[in-house]
Amino acid sequence: MRLTILGGGGFRVPLVYGALLGDRGAGRVTEVVLHDVDAGRLDAVTRVLAEQADGVPDAPVVRATTSLDDALRGADFVFSAIRVGGLRGRAEDERVALAEGVLGQETVGAGGIAYGLRTVPVAVDIARRVARLAPDAWVINFTNPAGLVTEAMARYLGDRVIGICDSPVGLGRRVARALGADPGEAFVDYVGLNHLGWVRGLRIAGRDELPRLLADPERLGSFEEGRLFGPEWLRSLGAIPNEYLHYYYFNRETVRAYQEAGQTRGAFLRDQQSRFYTDALRPGGSALRAWEDTRAEREATYMAENRESAGAGEREEEDLSGGYEQVALALMRAVARDERTTLILNVRNRSTLTALDADAVIEVPCLVGADGAHPLATDPLPGHATGLVCSVKAVEREVLAAAESGSRETAVKAFALHPLVDSVNVARRLVDGYTAAHPELAYLK
């Protein structure tokens, strides 16, 4: 079975390959095709993968190419993890937004809109090519903003594109551990959009144990989200929010922390990964060791500004590991082998949330098998959550409309309607700033 990875020179590709090395079942991936527009990054990551595979019998064969059409032909699965504009683009997204006093995070607020406007046209081109060159392939999308990009691709691929994210997995794991439960035996009732969802229940042997957690301040304060949001706010919500909701619930504090930081997250990663790619190509050195050291630093500093503003302290050791690669592997296994399982995924709504239309991509538990991913029935969200979900989904639709039409006016509308921007004048200045910073946005007229 052939897996094509778009963004194959990306830093997190070794996580996916490492998961594949541990998969020994029938119908496993035997060939990995890496595609990237940067040949140097491809070379560096290929070296890391070669060291990972050293001594592993029947390791998947790795091939690298800068030709997108070549990468797609013959693919059984396509894993999309591209970054249009690179980390330079992410750093610019943060800089322009923070200059206007709003959030520049890559998936939330102004930064997420800018990233979406750059990414959607490229994702749509990929979707069209997949439909033409590999019509039987399944596309697994990890490209951010994951829900928005998955919805853009679904217009051409239907249910054969499925979005994944590691945030709900990590959240469910932490909630289960706080309750002293085995995460593998718990069903996580998680509902929302990508990076905008809530754990509303955690069922173990058919019993919802979340009320027990919410009633225990000590347990609530024992894991990352409890420290990030505070036990009192979690009890008020009656749910455990995805960590990205900290940007909404504590927006002013977070923006201030980002403005006062010596370096934004995007700028930090840009510089850090630049060093990695240089070190990985150094003769006589270990590319794998360079990657492992860089990854440890990357994970430890994740959402550092949010934790600092909340006084949440350092990340727990058990949270310094990936998760999305395991979701991707479980998804491929379920589809390729009909190993039916339940996973939290980004899929078309159908009739799951009545406040949204059938084609809106949401993030919910899904039953997955050879026929794809199907969202499970769920109770409606409470009013405050429904309002936020509908508001952000409306913004996503404006982003899709702007990307399709090239309308600068529609792009301004997308920024202005976002609850974390809330000013038409700021929205206009953001569009001016982003179009000046990003050549990829020259299509907006």
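We use all heavy atoms of the structure for the numbers below, so side chains are in, but hydrogens, waters and symmetry mates are not. Source: prediction; values computed, not measured.
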Report yes if some heavy atom in the side chain of [X] is under 4.5 Å from a heavy atom in the side chain of [Y]; otherwise report no.
| X | Y | result |
| --- | --- | --- |
| Asp125 | Arg129 | yes |
| Asp23 | Val29 | no |
| Leu210 | Asp189 | no |
| Val62 | Tyr17 | yes |
| Arg295 | Leu15 | yes |
| Leu356 | Ile362 | yes |
| Phe268 | Glu297 | yes |
| Pro60 | Leu21 | yes |

Testing the 3.5 Å rule here: is there a donor-acceptor pair between the side chains of [X] and [Y]?
| X | Y | answer |
| --- | --- | --- |
| Glu363 | Asn242 | no |
| Arg41 | Tyr277 | yes |
| Asn141 | Thr150 | yes |

>> Ile164 vs Leu345, test: side-chain contact (heavy atoms from CB on, under 4.5 Å). Steps then yes/no.
In response: CA-CA 5 Å; Ile164 66 170; Leu345 300 167; 3.8 Å; yes

Checking [X] side chain against [Y] main chain: does a donor-acceptor pair fall under 3.5 Å?
| X | Y | value |
| --- | --- | --- |
| Ser391 | Gly387 | no |
| Arg118 | Val84 | yes |
| Gln52 | Leu288 | no |
| Glu94 | Gly266 | yes |
| Arg160 | Ala137 | yes |

Minimum-distance pair of heavy atoms, taken over all atoms of [X] and [Y]:
| X | Y | result |
| --- | --- | --- |
| Ile82 | Thr143 | N-OG1, 3.0 Å |
| Cys366 | Val347 | SG-CG2, 3.6 Å |
| Ser222 | Arg227 | O-NH1, 3.2 Å |
| Pro231 | Gly221 | CG-N, 4.2 Å |
| Leu245 | Gly197 | CD1-O, 3.3 Å |
| Thr342 | Pro365 | CG2-CB, 4.1 Å |

Can [X] and [Y] be counted as an ion pair, charged N to O under 4.0 angstrom?
| X | Y | value |
| --- | --- | --- |
| Arg275 | Asp271 | no |
| Arg408 | Asp432 | yes |
| Arg63 | Asp70 | yes |
| Glu224 | Arg174 | no |
| Arg28 | Asp58 | no |
| Lys393 | Glu151 | yes |

>> Using the side chain to side chain donor-acceptor pair (under 3.5 Å) definition, which of the options His195, Arg90, Arg265 pairs with Glu106?
In response: Arg90

Tell me if the [atom1] atom of [X] is crowded by more than 12 foreign heavy atoms within 6.0 Å.
| X | atom1 | value |
| --- | --- | --- |
| Arg155 | CZ | yes |
| Gln259 | CD | yes |
| Glu404 | CD | no |
| Arg252 | CZ | no |

What's the spacing between [X] [atom1] and [Y] [atom2] if we round to 0.5 Å?
| X | Y | atom1 | atom2 | result |
| --- | --- | --- | --- | --- |
| Leu441 | Tyr443 | CG | OH | 6.0 Å |
| Asp93 | Gln105 | CG | CD | 10.0 Å |
| Leu157 | Arg128 | CG | CZ | 11.0 Å |
| Ile140 | Leu331 | CD1 | CG | 4.5 Å |
| Leu117 | Thr410 | CG | OG1 | 10.0 Å |
| Phe415 | Glu100 | CZ | CD | 11.0 Å |

Over 60° means perpendicular and under 30° means parallel, so classify the ring planes of [Y] and [X], tilted if in between.
| X | Y | value |
| --- | --- | --- |
| Trp198 | His384 | perpendicular |
| Phe11 | Phe276 | perpendicular |
| Tyr434 | His438 | parallel |
| Trp233 | Tyr249 | perpendicular |

>> Against Thr66, only a single residue in Leu42, Val37, Asp36 fulfils side chain to side chain contact (heavy atoms under 4.5 Å, CB included); can you say which?
In response: Leu42

>> Applying salt bridge (Lys or Arg N to Asp or Glu O under 4.0 Å) to Asp279 and Arg282, what does each step give before you reach the verdict?
In response: CA-CA 5 Å; Asp279 293 343; Arg282 184 168 288 125; 2.6 Å; yes

> Checking side-chain contact (heavy atoms from CB on, under 4.5 Å) for the pair Val175/Tyr190: CA distance, chi angles, key distance, verdict?
Replying inline: CA-CA 12 Å; Val175 171; Tyr190 180 95; over 6 Å; no

>> Pair Leu49, Leu34 - check side-chain contact (heavy atoms from CB on, under 4.5 Å), show working.
In response: CA-CA 11 Å; Leu49 270 51; Leu34 304 180; 4.0 Å; yes

> Given Asp359 and Arg348, is the salt bridge (Lys or Arg N to Asp or Glu O under 4.0 Å) satisfied, shown in steps?
Replying inline: CA-CA 5 Å; Asp359 291 331; Arg348 291 197 288 188; 3.6 Å; yes

>> Under the criterion side-chain contact (heavy atoms from CB on, under 4.5 Å), I'd like the reasoning laid out for Arg12 against Asp166: C-alpha separation, chi angles, the key distance, then a yes or no.
In response: CA-CA 12 Å; Arg12 298 175 84 175; Asp166 48 357; 3.0 Å; yes

> Is there a salt bridge (Lys or Arg N to Asp or Glu O under 4.0 Å) between Arg256 and Glu253 once you walk through the steps?
Replying inline: CA-CA 5 Å; Arg256 187 181 309 116; Glu253 295 84 352; 5.6 Å; no

